[in-house]
Peer 1: 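One structure follows; several queries about it will come next.
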Amino acid sequence: MALLEVIDLSKSFGETVAVDDISFDVEEGEIFGLLGPNGAGKSTTVSILSGILTPSRGKVVLAGMDVVHSPLAAKAMIGVVPQEVALYDELSATENLSFFGRLHGLSGPRLRERISSMLETVGLGERAREPVKRYSGGMKRRLNLAIGLLHQPKILILDEPTVGIDPQGRVRILEVVRREAESASTTVLYTTHYMDEAESLCDRVAIMDRGQILVQGTVHDLKMQAGQKDVVKIAGSFPDEDFASTFSDIAGSKVGTVKAEEMLISVDDAKGALPLIIDRLTSRGASIRKVEVEEPTLETLFIHLTGKELRD
Amino acid sequence: MRGSWLIIVKDFTRRARDPWSLLPILLLPIVIGGIMHLSFGGIERGGMPRAVLLLADEDEGLGSDIFRTALEQEQLADLIEVKEVTAADGRAAIDKGEASGFLVIPAGFTDSLVAGHPIELRLVRNPAQQFLPEIIEESLAIVVFIVAKGALVFEEPLQAIHEAQTGTGTGDFAGQTQEISSLIGDVLAQCEGLLFPPLVTLQIEELAGDSSPDFPISALFFPALIPLSLFFLADLSVRDTIREHNRGTLHRIMTTPTSMLAFLTGKLAGTLLLGVVMFAVLAGLGSLVFKIGWGENLPELLVLVIGYLIAAAGIELMIYGFLKTELSAQTLSTIVVMLMGLVGGSIVPQQFFPPILEKVKYISIAGWVLQGFDKVLWKGATFPGIALELVVLTGCGIVTTLIGSRAMLWKLRRPAG
């Protein structure tokens, strides 16, 4: 059952169309990724879903409620972790959590228990009373995440929560998100331009560019949908001849660029075909120095779809 | 309502954690008031003009001679220049503001003094001057005390001299002088006579019209600077609203069940509360540092301050709501605050305004609040007396807040940057 439904959503700022007629839904308990480069419209979409912006057209339905018509009720079910570190530097972690928790209606022992639990979850318990301005970037990011989770929302919306932090901090945040989704059955909408994050974390993904959703589905489905293949990259020296017919009996094979010292061959299953490829090349006098196999990724899919890299 | 209250508490906590942001605003009146106090507040004889006292002597006897001689003593002569006039000329001159004070020694003064009858002297002060009439009044009080006590102590010798001068005595002036000398000696031994109630009292008449304050010059500058501080506080608070928008905390608040209106209400209410607290602190510091008495009409002052804060916040909302960037808004805001302060009398007190500025000050909310301050502090006005100022400030506050809030809400609902 879809907890969140986004139907024909558009948002314009003057002449600029930030979100252009997008539709998707997020099932209860799943982690849904919104993947796209900077400026794709992810943050605008998140702002509309969070009730910060009103759409120019279309609607957002959360647990059967129209977010535009019942914003306060909808917001009570949403936890948002914004892209920027939105904290009060003068206040401590406890005071920040307390303020946002109270805005979400928490109070008394319940608030104290949730603050303590979240500080523990993000590993800030020992420095909870220090002003946030003394925290490192990673610690601020973790507190940013804790605030979004504090009131145990039905759906957690994370807008690029790992931007600008070290790999260790990134892993920690992803762990918390995964754990929260599994243990508390929280539905997660995760936006990122890191395709590895989306691949490792998300059950389903929608790829956005220029305000539109290009494709959506499971990572596996998307790769298949785009007809992506494994790529075998061979470095060495090759005799000057046409290799197109050499591998014609290997399933899905296609010889790409052949330079003096590099050959690219796309095949359906690189692991199965690799011994045969090497054998045929050496038998024709090729000298092989190095062999690499590249499996298709969301990034290659994005390049395939848009002709540009994800980080553009 | 709960959301607004939480915003207020949060902002107060932030200010408490980082008081340095408020310190310059708080120190502004203290520092400038202090400089003014040091520059003009201390009365140094060498640097002060002499007070001109018009003296109409209708007695022309021994008593008025003693009085005039006392005033012309070296120390008092440094401070007061005595000019003898007739009663009519003196009155005309003081009405034209040509002297600091006008004293009439009535006919029969000496007779009453010698006879030990109570006498009343009348001093008229020039209300257009601030300190010189004060000097005359204080000096005369001393002279009156000395003459009154002296008359009691030297009652008998004075009587003898008076009789000799008026020819009502025995005619043996030399013998009388000897007698007087010996009597003076006797009386000096009986100085306890000084404890008797005074025979001569001084009655002060203040001419009708705008009176000048009785306290030091810092008492003029310090209260006048308070609106400037409060305007800067309004600027700081509204700028903080924009910063919350730019830094993302506002958008985070908007993801909670809190409306934008509740947020803005919390910000404005917090500004008013903080302004009132700041006024209380400044009033306390003013009393402590500059010995300023705030009078008994503190509720009137507080209501004036609240009306002024609403107007100041409204103007700041308009500036920050309509201008595109924080920097341009901050620049304009500083100019507006300084101009309003200058025109309104925060920097140069209204008491020193030339006639042209007396009219221009009404374009400034600082001008209105300071006019209200003037009425309450120095003329003892109550709420009916400052009704006009309250209506203007509150009206201006409502209009600017409505327009400014609309612009600000529109701005805050758009993505930052």
Side-chain angles (χ1 to χ4, degrees), chain A residues 11 13-14 16 18 43-44 46-54 67 70-92 94-96 98-107 129-133 140 143-144 147-148 150-151 153 155-157 159, chain B residues 1-23 236-237 239-267 269-270 274 324 326 406 408-417:
Chain A
K11 179 69 185 176
F13 298 103
T16 311
S43 292
T44 305
V46 164
S47 292
I48 296 169
L49 303 186
S50 317
I52 295 170
L53 292 177
T54 48
V67 170
S70 315
L72 298 186
K75 283 174 182 180
M77 289 191 277
I78 300 173
V80 178
V81 180
Q83 186 172 347
E84 64 273 27
V85 177
L87 304 168
Y88 294 103
D89 277 353
E90 311 90 341
L91 304 183
S92 67
T94 306
E95 286 167 337
N96 270 286
S98 174
F99 170 64
F100 286 107
R102 284 177 199 279
L103 285 178
H104 270 293
L106 299 178
S107 61
R129 297 196 178 279
E130 273 183 45
V132 167
K133 62 184 163 198
K140 287 181 181 176
L143 179 58
N144 209 31
I147 291 170
L150 184 69
H151 61 291
I155 181 164
L156 178 65
I157 299 175
D159 190 10
Chain B
M1 190 65 193
R2 179 181 150 84
S4 301
W5 176 243
L6 289 171
I7 301 285
I8 294 171
V9 174
K10 178 262 296 174
D11 281 341
F12 265 74
T13 314
R14 285 173 63 212
R15 297 284 173 223
R17 294 277 184 281
D18 183 24
W20 300 108
S21 58
L22 286 179
L23 207 61
L236 189 76
S237 298
R239 194 169 358 126
D240 190 54
T241 308
I242 290 290
R243 288 197 172 162
E244 289 226 34
H245 177 246
N246 293 344
R247 289 175 183 174
T249 45
L250 169 59
H251 279 190
R252 174 152 238 165
I253 291 169
M254 289 303 102
T255 66
T256 70
T258 307
S259 69
M260 187 69 86
L261 196 62
F263 169 79
L264 203 57
T265 305
K267 281 286 185 188
L274 194 59
K324 203 169 179 182
E326 183 189 333
R406 231 179 135 76
M408 186 61 95
L409 285 171
W410 181 84
K411 189 172 188 171
L412 295 180
R413 286 191 174 115
R414 293 178 68 81

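Residue numbering restarts at 1 for every chain, and letters A, B, ... go by the order of the sequence lines.
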Peer 1: Quick check for you: to the nearest 0.5 Å, what is the distance between A:His104 atom NE2 and B:Thr255 atom OG1?
Peer 2: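 So the gap between those two atoms works out to 5.0 Å.
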Peer 1: Out of B:Arg413, B:Arg15, B:Met254, B:Arg252, return the one with the most heavy atom pairs under 4.5 angstrom to chain A.
Peer 2: B:Arg252
Peer 1: Does any backbone or side-chain atom of A:Ile147 lie under 4.5 Å from a heavy atom of chain B? Answer side chain, backbone, both or neither.
Peer 2: both
Peer 1: Which of the residues B:Leu250, B:Ile253, B:Thr249 is involved in the greatest number of heavy-atom pairs with chain A at under 4.5 angstrom?
Peer 2: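 Of the candidates given, the most pairs with chain A belong to B:Thr249.
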Peer 1: With only heavy atoms counted, which part of B:Arg2 is less than 4.5 Å from chain A, the side chain, the backbone, both or neither?
Peer 2: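 Only the side chain of B:Arg2 comes within 4.5 Å of chain A.
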Peer 1: I need the minimum non-hydrogen distance between B:Gly248 and A:Ala86, along with the two atoms involved.
Peer 2: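 So the minimum-distance heavy-atom pair works out to O-CB, 3.4 Å.
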Peer 1: Give me the atom names and distance for the closest heavy-atom approach of B:Asp18 to A:Glu90.
Peer 2: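 Looking at all heavy atoms of both residues, the closest pair is CB-CG, 4.0 Å.
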Peer 1: So for A:Gln83, is it side chain, backbone, both, or neither that comes closer than 4.5 Å to the heavy atoms of chain B?
Peer 2: neither
Peer 1: Is the closest side-chain heavy-atom distance between B:Arg247 and A:Tyr88 below 4.5 Å?
Peer 2: no
Peer 1: Side chain from CB out, backbone as N, CA, C, O: work out which of these in B:Arg14 comes under 4.5 Å of a heavy atom of chain A, or both, or neither.
Peer 2: both
Peer 1: Please classify the contact between A:Ser47 and chain B as side chain, backbone, both or neither, with a heavy-atom cut-off of under 4.5 Å.
Peer 2: neither
Peer 1: If you count heavy-atom pairs under 4.5 Å with chain B, which of A:Leu103, A:Val80, A:Leu72 comes out on top?
Peer 2: A:Leu103
Peer 1: Among A:Thr44, A:Asp89, A:Asn144, which has the most heavy-atom pairs under 4.5 Å with chain B?
Peer 2: A:Asn144
Peer 1: Write down the atom of A:Lys75, the atom of B:Thr256, and the distance for their closest heavy-atom approach.
Peer 2: CD-O, 3.1 Å
Peer 1: Find out whether B:Val9 and A:Phe99 are in side-chain contact, i.e. whether some heavy atom of one side chain is under 4.5 Å from a heavy atom of the other.
Peer 2: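 Result no, sub-4.5 Å side-chain heavy-atom pair not found.
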Peer 1: Enter the distance from A:Lys133:NZ to B:Arg17:CZ here, rounded to the nearest 0.5 Å.
Peer 2: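 A:Lys133 atom NZ to B:Arg17 atom CZ measures 10.0 Å (nearest 0.5 Å).
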Peer 1: Got a second to check how far B:His251's NE2 is from A:Glu84's CD, nearest 0.5 Å?
Peer 2: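 Going from the NE2 atom of B:His251 to the CD atom of A:Glu84 covers 8.0 Å.
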